[in-house]
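Read through the structure below, which is laid out as structure tokens, and then see the notes.
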2 protein chains.
Amino acid sequence: MNSNFTLAVHSLTLLSLMPDRMSSSDAIAESACVHPVRIRKVLSLLRKNGIITSKEGTGGGFIFAIDPGEVNLWEIYKITAEGSLQPKCPDVNEQCLVGANMKNVLLSIFSDAETHLGEFLSKYSIEDVVANVKQT
Amino acid sequence: MNSNFTLAVHSLTLLSLMPDRMSSSDAIAESACVHPVRIRKVLSLLRKNGIITSKEGTGGGFIFAIDPGEVNLWEIYKITAEGSLQPKCPDVNEQCLVGANMKNVLLSIFSDAETHLGEFLSKYSIEDVVANVKQT
DNA sequence: AATACTGTAACATTTAAGATTACATTTAGT
DNA sequence: ACTAAATGTAATCTTAAATGTTACAGTATT
């Protein structure tokens with residue numbers, strides 16, 4: 001899985017610790033040690049999905065649009081990393097019985113597996129993550 | 001996930017269709033459309049884990065060491081792709097409460113998730129995959 | 001001895017991820 | 001109205017990971 005998921009969770013965790021003011025991509029980027037543009041890209045996805053809002057201009061930034069307890073890790077996974085459980089199936093020799101069908105068989109199995117993963121990740125909200133981070 | 005898992009399953013499926021003679025890396029590579037050296041590398045892992053045996057020299061190649069009904073997808077996943085569910089956690093600013101603990105929190109959650117994935121993938125043997133491939 | 005394989009290391013190439021630059025746009029403050 | 005501080009996004013560059021290729025030593029079969 002690429003790091004967009006981690007970046008999204010990291011950013012949301014920071015935002016939930018700053019519930020009453022906007023955080024800039026620069027500030028978030030500094031905590032996550034990545035380029036601010038990447039933060040803006042990832043948070044742009046979250047914004048389009050209604051999880052956060054953003055404001056341009058002086059004093060602008062990002063802030064939660066809903067209760068952090070209402071957002072779970074599965075939603076974030078779907079937005080930032082869907083399909084990354086799926087194994088890569090390179091092109092194969094279609095002449096061959098195995099080649100011709102392997103992709104479909106694995107796709108079907110891992111599609112089910114991702115559904116299970118979803119049930120598991122749905123149990124963790126951003127609030128839970130915040131609690132865990134604080135507790136350590 | 002990289003394609004080693006898919007290549008391993010592909011190869012084992014071919015081998016289970018050829019239970020009474022050895023298959024060469026060249027033959028498998030042709031079906032999977034990859035370089036024979038890659039097949040040898042992946043199958044080398046399976047050999048070290050006792051799933052197949054190999055023989056060098058004329059007439060050599062690869063063959064199942066055990067019953068294809070005894071090998072499940074989780075074992076193959078562990079050998080070829082373990083940890084690939086884990087989201088990437090780039091280095092972070094340790095000065096920051098969130099940065100310092102995010103990695104551990106996510107690691108713990110996804111470690112559990114991988115256990116669940118294991119239970120799911122354990123239900124599918126290579127024999128099941130072969131049956132599915134044939135059926136299509 | 002010749003041929004056909006595996007095993008593995010070294011190197012080259014390609015692809016994907018991520019960083020950086022650039023700039024248009026928006027907003028707030030003076 | 002002007003300036004400064006922010007997002008939005010496209011384009012490009014760089015780096016890292018995946019994959020392909022070559023090379024060759026070792027082994028078994030004929």
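Here is the naming used below: chain letters follow the sequence lines, and residue numbers restart at 1 for every chain.
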Self-check item: Pair I109(A)-L121(B), side chain to side chain contact (heavy atoms under 4.5 Å, CB included): steps then yes or no
Solution: CA-CA 8 Å; I109(A) 292 174; L121(B) 289 182; 4.0 Å; yes

Are [X] and [Y] grouped together when hydrophobic residues (ILVMFWY) are joined by side-chain heavy atoms under 4.5 angstrom apart?
X       : Y      : answer
L107(A) : L85(B) : no
M102(B) : W74(A) : yes
I79(A)  : V34(A) : yes

Tell me the interatomic distance from [X], atom [atom1], to [N], atom [atom2], rounded to whole angstroms.
X      : N       : atom1 : atom2 : result
E30(A) : dA6(D)  : CD    : P     : 13 Å
D26(A) : dT20(C) : CG    : C1'   : 13 Å
M22(B) : dA4(C)  : CE    : P     : 18 Å
N2(A)  : dA18(D) : CG    : C1'   : 15 Å
H35(B) : dA10(C) : NE2   : P     : 18 Å
L45(B) : dT6(C)  : CG    : P     : 16 Å
I63(B) : dC5(C)  : CD1   : P     : 15 Å
R38(B) : dT22(D) : CZ    : P     : 16 Å

| Which of these, F120(B), Y77(B), F5(B), sits in a ring-ring contact (aromatic ring centres under 6.0 Å, His included) with F110(A)? |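 Single ring-ring contact (aromatic ring centres under 6.0 Å, His included) partner of F110(A) among F120(B), Y77(B), F5(B): F5(B).
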
Reading nucleotides 8-17 of chain D from 5' to 3' and marking B where a protein heavy atom lies under 4.0 Å of the base, S where only the sugar-phosphate is that close, and - otherwise, the string is BBBB------

Nearest to side-chain heavy atoms of T58(B), which nucleotide of dA18(D), dG18(C), dA28(D):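 Comparing dA18(D), dG18(C), dA28(D) against the side chain of T58(B), the answer is dA28(D).
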
The residue, L7(A) or G57(A), whose nearest nucleotide of DNA chain C is more 5′ is L7(A)

Notebook entry, point to check: How far apart are the C-alpha atoms of R38(B) and S25(B), what are their side-chain angles, what is the distance that settles it, and do they pass the side chain to side chain donor-acceptor pair (under 3.5 Å) test?
Noted result: CA-CA 9 Å; R38(B) 250 195 102 194; S25(B) 61; over 6 Å; no

For the pair N101(A) and N132(B), evaluate side chain to side chain contact (heavy atoms under 4.5 Å, CB included) and give the outcome as yes or no after the intermediate values.
CA-CA 8 Å; N101(A) 297 123; N132(B) 274 300; over 6 Å; no

ask   = Within the structure, does a side-chain N or O atom of S24(B) lie under 4.0 Å from either OP1 or OP2 of dA4(C)?
value =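 Checking S24(B) against dA4(C): no side-chain N or O falls below 4.0 Å of OP1 or OP2.
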
